[in-house]
Amino acid sequence: MSYTILEKKQIAPQVHLMKVLAPDVAKAAKAGQFIILRIDETGERIPLTIADFDAGEGYVTIIFQEMGKTTKQLAKMSDKDVLQDFVGPLGKPADVRKLGTVILVGGGVGIAPVYPQVRAYREAGNKVISVIGARNKELLILEDEMRATSDELHIATDDGSKGHHGFVTDVVKQILDSGEDIARIVVIGPPILMKVASGMTAPYGVETIVSLNPIMIDGTGMCGGCRVSVGGETKFACVDGPEFDAHKVDFNLLMSRLALYRDEESRCLEDHGHKHDPDHKCTCRGEN
């Protein structure tokens with residue numbers, strides 16, 4: 001079975017949105033879950049969080065940033081192209097229920113997986129305060145969609161080109177200091193953002209949830225590459241998560257594990273850049 005790309009567009013520099021016809025996945029998907037795709041028979045399997053889904057129309061939306069070999073290949077695909085594999089939904093759904101007032105924070109491409117949670121929390125009867133941020137206004141994604149599904153939307157940019165001049169954690173701290181009763185905070189974005197947010201919210205005693213998507217590799221728990229320490233216990237981000245209590249995650253261990261494959265990924269990307277050179281020998285993990 002192949003999976004047809006219904007829509008593909010660039011929504012920010014090196015950031016792309018893709019709608020894929022996958023009726024079974026769309027029918028079963030819930031906020032917080034992810035899929036694994038493979039472009040062709042020789043391609044690597046990569047996990048990507050579900051950014052949106054429509055069971056009636058049968059499609060799943062993914063948003064990705066050009067980082068490595070496969071995402072750069074994916075960025076070159078167009079409408080009506082097909083993917084070899086599109087497996088999911090995987091991972092545990094987000095624990096969405098009526099709690100009161102919830103802050104949802106998305107940093108960079110992390111805004112994409114936050115979006116379906118914003119919608120789900122609001123549908124569950126919560127007041128939803130969304131905080132999104134990026135390095136600059138050109139890199140902000142899904143602003144209109146987030147505004148339409150949030151009770152409040154706050155924006156932060158590192159360079160001050162839009163919204164608060166600073167980080168999303170600054171805005172969250174301002175909300176907490178205002179005295180508003182916050183039941184839960186959900187943070188999705190780069191590991192350093194989630195680490196900083198966890199440290200910042202801890203003194204307030206507010207439950208804080210993070211999504212450890214960045215550490216996943218295989219996506220099924222078989223490779224062991226996504227092992228994390230949560231409350232002193234070993235967990236697998238892909239099957240036990242991807243969401244965990246931020247205040248129990250060992251972020252130092254997580255970030256050291258993220259660095260394990262950095263050199264290999266760089267070599268693989270370089271090999272991909274030389275793919276038309278007949279004298280170049282590929283040194284990455286079996287992909288050419």
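Counting from 1, the numbers follow the sequence of the chain as shown.
The backbone N or O of M194 lies less than 3.5 Å from no partner atom in the side chain of S198, so there is not a single donor-acceptor pair. Between the side chain of N126 and the main chain of V102, no donor-acceptor pair closer than 3.5 Å is present. In this structure, the side chain of D52 does not engage the main chain of T61 through any donor-acceptor pair within 3.5 Å. Using a distance-only test at 3.5 Å, with no hydrogens or angles considered, no donor-acceptor pair links the side chain of D54 to the main chain of Y59. At least one donor-acceptor pair closer than 3.5 Å links the side chain of T157 to the backbone N or O of K162.
Put simply, the side chain of K195 reaches to within 4.5 Å of the side chain of N252, judged on heavy atoms. Side-chain contact between V105 and I185: present, with at least one pair of heavy atoms (C-beta onward) separated by less than 4.5 Å. Looking at heavy atoms from C-beta onward, D245 lies out of side-chain contact with T208 at the 4.5 angstrom threshold. Side-chain contact between F53 and V25 is absent, with no heavy-atom pair separated by less than 4.5 Å. Here the side chains of Q14 and K72 are in contact, with some heavy-atom distance below 4.5 Å.
Heavy atoms from other residues, nucleotides or ligands lying under 6.0 Å from CG of D181 number 12 at most. The 12-atom threshold is exceeded at NZ of K8, counting heavy atoms of other residues, nucleotides or ligands nearer than 6.0 Å.
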- [ ] Go through the steps to decide whether L104 and R184 satisfy the test side chain to side chain contact (heavy atoms under 4.5 Å, CB included), and finish with yes or no.
- [x] CA-CA 8 Å; L104 290 109; R184 174 182 288 176; over 6 Å; no
- [ ] For T201 and H247, run side chain to side chain donor-acceptor pair (under 3.5 Å): C-alpha distance rounded to whole Å, both residues' side-chain angles, the deciding distance at 0.1 Å, then the answer.
- [x] CA-CA 9 Å; T201 62; H247 300 144; 2.9 Å; yes
Task: Residue pair L254, L212: steps toward the side chain to side chain contact (heavy atoms under 4.5 Å, CB included) verdict - done: CA-CA 9 Å; L254 182 150; L212 303 185; 3.6 Å; yes
Open item on the list: K19 vs E57, test: salt bridge (charged side-chain N to carboxylate O under 4.0 Å, His left out). Steps then yes/no.
Closed with: CA-CA 11 Å; K19 291 183 179 179; E57 296 293 330; over 6 Å; no
- [ ] Please test I63 against M18 for side chain to side chain contact (heavy atoms under 4.5 Å, CB included), starting from the C-alpha separation and ending with a verdict.
- [x] CA-CA 6 Å; I63 293 175; M18 183 178 284; over 6 Å; no
- [ ] Quick one: do D79 and L6 satisfy side chain to side chain contact (heavy atoms under 4.5 Å, CB included)? Show the steps, please.
- [x] CA-CA 5 Å; D79 301 0; L6 300 177; over 6 Å; no
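Linking ILVMFWY side-chain heavy atoms closer than 4.5 Å, directly or via other members, places V187 and V168 in a single hydrophobic cluster. Linking Ile, Leu, Val, Met, Phe, Trp and Tyr residues whenever their side-chain heavy atoms come within less than 4.5 Å leaves V96 and F34 in two separate clusters. A continuous path of Ile, Leu, Val, Met, Phe, Trp and Tyr side chains, each step under 4.5 Å between heavy atoms, connects V186 with L99, placing both in one hydrophobic cluster. F244 and V196 fall within a single hydrophobic cluster, where Ile, Leu, Val, Met, Phe, Trp and Tyr side chains are chained together by heavy-atom contacts under 4.5 Å. Cluster membership for V82 and I36, using ILVMFWY side-chain heavy atoms within less than 4.5 angstrom, is not shared.
Residues T49 and Q33 approach most closely at CG2-O, 3.5 Å, considering heavy atoms. Across M77 and I39, no two heavy atoms sit closer than the pair SD-CG2, 4.0 Å. Annotation for R97 and A124: closest pair C-CB, 4.1 Å, computed over non-hydrogen atoms. Taking all atoms of both residues into account, the shortest heavy-atom contact from R38 to D85 is NE-OD2, 2.6 Å. Closest approach of G189 and L193 over heavy atoms only: CA-CD2, 4.1 Å. The two residues A246 and F251 come nearest to each other via the heavy atoms O-CE1, 3.5 Å.
From F64, atom CZ reaches atom OG1 of T70 across 10.5 Å, with rounding to the nearest 0.5 Å. How far OG of S78 is from CD1 of I5: 7.5 Å, rounded to the nearest 0.5 Å. Atoms CG and OG1, on D81 and T4 in that order, are 9.5 Å from each other to the nearest 0.5 Å. In this structure, NE2 on H164 lies 12.5 Å from CD1 on I155, to the nearest 0.5 angstrom. Between the CZ atom of F167 and the CD1 atom of I192 there is a distance of 10.0 Å, given to the nearest 0.5 Å. Atoms CD1 and CG, from I62 and L37 in turn, are 5.0 Å apart once rounded to the nearest 0.5 Å.
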Residues 107-118, side-chain donor-acceptor partners within the protein, below 3.5 Å, at least two apart:
from, atom 1, to, atom 2, distance (Å)
Q117, NE2, E243, OE2, 2.5

Which donor-acceptor pairs under 3.5 Å do the side chains of residues 132-142 make with protein atoms, sequence neighbours left out?
from, atom 1, to, atom 2, distance (Å)
N136, OD1, E138, N, 3.0
N136, OD1, L139, N, 3.2

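At a threshold of 4.0 Å, the pair E145-R147 does not count as salt-bridged, since none of the basic side-chain nitrogens sits closer than that to a carboxylate oxygen. Salt-bridge formation is not detected for the pair E44/K69: no Lys NZ or Arg NE/NH1/NH2 atom is positioned less than 4.0 Å from an Asp or Glu carboxylate oxygen. Using a cut-off of 4.0 Å between Lys/Arg side-chain N and Asp/Glu carboxylate O, K127 and E152 are scored as salt-bridged.
Using modelled atom types, one finds no donor on one side chain facing an acceptor on the other under 3.5 Å when comparing H165 with D159. Side chain to side chain, D177 and Y204 meet the donor-acceptor criterion of an N or O pair below 3.5 Å.
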